[in-house]
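Chain A is the first sequence line, chain B the second, and so forth, proteins listed ahead of strands; every chain is numbered from 1.
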There are 2 protein chains.
Amino acid sequence: MAVNRPQHSREDVVRAAGRLFAEHGFHGTSMRDLGDELGLLGSSLYSHIDGKNELLVEVIRRGGSMFQDLADDVLATDADPAEQLHLLIRGHVQIIVDHLDEARTFLNEARFLPPKERAVVLEMRDSYEQTYRRIIEQGVGTGVFNAERDPALMAILILSLLNALDRWYRPGGPNDPDEISQRMFEFVTNGIG
Amino acid sequence: MAVNRPQHSREDVVRAAGRLFAEHGFHGTSMRDLGDELGLLGSSLYSHIDGKNELLVEVIRRGGSMFQDLADDVLATDADPAEQLHLLIRGHVQIIVDHLDEARTFLNEARFLPPKERAVVLEMRDSYEQTYRRIIEQGVGTGVFNAERDPALMAILILSLLNALDRWYRPGGPNDPDEISQRMFEFVTNGIG
DNA sequence: CCTACCGATCGGTAGG
DNA sequence: CCTACCGATCGGTAGG
């Protein structure tokens with residue numbers, strides 16, 4: 001009897017894992033759940049991957065690298081600080097909207113990563129936050145921002161706004177991504193006062 | 001042989017559950033973990049409670065009712081909209097700081113509630129969000145706020161800011177709660193521009 | 001609150 | 001990718 005032919009790629013498995021981890025959480029998703037999602041047995045997944053933890057690492061790595069790439073891209077422009085902040089906000093919203101599963105898993109499930117990989121994610125987040133902080137500081141320097149009291153806290157608050165999007169954004173909802181980023185940028189620069 | 005004497009109250013069990021659910025998530029916490037936390041066996045917990053789900057419901061109910069009470073208290077004042085918003089922000093920050101475990105469980109684990117209880121939480125959140133929206137609308141009416149384009153979205157953005165606090169607040173950290181709420185209020189009203 | 005369990009489910013493996 | 005498992009752990013119960 002020949003071994004059955006694979007019907008799915010490793011890529012399919014990672015994507016399905018992202019979907020389930022985002023919706024039910026890492027500990028709320030069993031390998032059998034994941035198998036069901038793809039129409040095969042839980043045990044069959046091990047021909048594509050080494051273990052459940054590897055899937056979490058892979059999904060979160062994908063999520064994290066998108067934000068990292070965005071920060072690199074924005075820093076590579078010679079736009080002024082206000083424009084760079086606008087680009088960061090627009091890009092961040094776009095990532096969450098376009099890659100909701102990976103973003104949600106990155107934002108909500110990273111604490112369940114093995115210690116070493118978890119440390120890597122914490123460094124990535126810190127570096128990403130520093131990008132915001134430096135741009136704010138530059139904007140304070142040129143007078144376009146008025147946050148000299150605490151740019152580090154302002155960076156946290158802006159990221160709080162952005163990262164909460166994965167909790168209320170619904171595809172096809174009343175607000176499209178461009179409108180959301182525009183309103184967020186206006187809120188960040190002017191508040192509601 | 002007499003039955004052993006209880007060393008813990010139901011209250012102890014619920015509080016310990018809040019601690020573990022907040023840190024490891026509902027599905028990342030076993031009844032044996034919870035027993036360990038209290039120095040007894042997992043099976044012994046069932047003399048205090050009916051099941052694991054009941055603990056989740058109870059912890060989240062406590063979290064949610066604090067925010068509900070805050071909204072009621074603030075609406076009962078005859079302060080102007082800006083002052084009411086300030087009170088909401090200060091109260092919300094205080095709740096998260098003072099009851100971090102219940103707040104984190106309420107904010108992050110409610111999706112694992114049984115359907116009926118989950119629906120109750122969604123209603124509570126919606127009602128709480130409406131409180132923010134109405135106060136913003138009133139402030140727009142009196143001219144103190146400038147958000148006539150979308151008060152509903154502004155309410156979401158303000159709550160995004162507030163609810164993210166449970167992710168970065170560390171007891172005894174560099175920012176005390178009063179300072180955090182003050183900076184948040186300034187950010188909400190003026191932004192960083 | 002413990003002893004002594006229960007059936008179900010977990011992540012994962014050997015072999016084809 | 002399936003068959004046929006494995007030991008460990010899960011939420012929970014009966015009885016004292």
Side-chain angles (χ1 to χ4, degrees), chain A residues 1-60 105 109 111-118, chain B residues 1-60 105 109 111-118:
Chain A
M1 214 57 160
V3 164
N4 298 333
R5 294 283 179 68
Q7 302 290 327
H8 297 91
S9 63
R10 188 191 138 92
E11 181 66 24
D12 294 331
V13 175
V14 174
R15 269 205 287 258
R19 234 175 293 148
L20 296 189
F21 292 166
E23 184 172 352
H24 307 290
F26 177 67
H27 289 304
T29 302
S30 74
M31 293 306 278
R32 284 158 181 85
D33 292 336
L34 183 51
D36 287 347
E37 180 82 1
L38 292 164
L40 43 80
L41 295 177
S43 58
S44 301
L45 297 166
Y46 290 86
S47 56
H48 295 289
I49 50 120
D50 280 342
K52 195 187 178 189
N53 272 328
E54 183 193 325
L55 283 174
L56 183 64
V57 171
E58 176 71 16
V59 172
I60 290 183
T105 304
E109 307 299 318
R111 58 184 162 153
F112 303 123
L113 242 19
K116 197 178 152 185
E117 285 84 358
R118 194 164 159 269
Chain B
M1 215 51 158
V3 164
N4 297 335
R5 292 283 180 65
Q7 302 290 327
H8 297 93
S9 64
R10 187 190 138 92
E11 181 65 23
D12 295 332
V13 175
V14 174
R15 270 206 286 257
R19 236 175 293 148
L20 296 190
F21 292 165
E23 186 173 351
H24 306 290
F26 178 67
H27 289 304
T29 302
S30 75
M31 294 305 277
R32 285 161 181 85
D33 291 337
L34 183 52
D36 287 347
E37 179 85 359
L38 293 163
L40 43 79
L41 296 177
S43 59
S44 301
L45 297 166
Y46 291 86
S47 56
H48 296 289
I49 50 119
D50 282 342
K52 195 187 177 189
N53 272 329
E54 183 194 326
L55 283 174
L56 183 63
V57 170
E58 176 71 15
V59 173
I60 289 183
T105 304
E109 307 300 318
R111 58 184 162 154
F112 303 124
L113 242 19
K116 197 178 152 185
E117 285 84 358
R118 194 163 158 271

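The NE2 atom of B:H24 sits 11.0 Å away from the CG atom of B:L34 when rounded to the nearest 0.5 Å. The CG atom of A:D33 sits 10.0 Å away from the CZ atom of A:F21 when rounded to the nearest 0.5 Å. The distance from atom CZ of B:R19 to atom OG1 of B:T29, rounded to the nearest 0.5 Å, is 11.5 Å.
Legend: residues meeting salt bridge (Lys or Arg N to Asp or Glu O under 4.0 Å) with B:E109, ordered by chain and number and at least two apart, are A:R111. Checked against salt bridge (Lys or Arg N to Asp or Glu O under 4.0 Å), B:E23 has no partners two or more places apart in sequence or in another chain. Scored by the ring-ring contact (aromatic ring centres under 6.0 Å, His included) test, B:H8 finds no partners at all (sequence neighbours excluded).
The closest side-chain heavy-atom distance from B:E37 to B:L20 is below 4.5 Å. The shortest side-chain heavy-atom distance between A:L55 and A:L45 does not fall under the 4.5 Å cut-off. In this structure, the side chains of B:F26 and A:H27 stay at 4.5 Å or more apart for every pair of heavy atoms.
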(message) Output one letter per nucleotide in nucleotides 9-15 of chain D: B when a protein non-hydrogen atom lies under 4.0 Å from the base, S when only the sugar-phosphate is that close, - when neither is.
(response) -BBBB--
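Atom CG of A:L41 and atom P of D:dC2 are 5 Å apart (whole Å).
Checking D:dC2, D:dC1, C:dC1 against the side-chain heavy atoms of B:L40 singles out C:dC1 as nearest.
Within a heavy-atom distance below 4.0 Å of DNA chain C, no residue of residues 17-25 of chain A is found.
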(message) Can you give me the dot-bracket string for DNA chain D, 5' to 3', counting Watson-Crick and G-U wobble pairs with both distances under 3.5 Å, using [ ] for crossing pairs and | for partners on another strand?
(response) ||||||||||||||||
(message) Under the criterion side-chain contact (heavy atoms from CB on, under 4.5 Å), I'd like the reasoning laid out for A:M31 against A:I49: C-alpha separation, chi angles, the key distance, then a yes or no.
(response) CA-CA 11 Å; A:M31 293 306 278; A:I49 50 120; 3.7 Å; yes
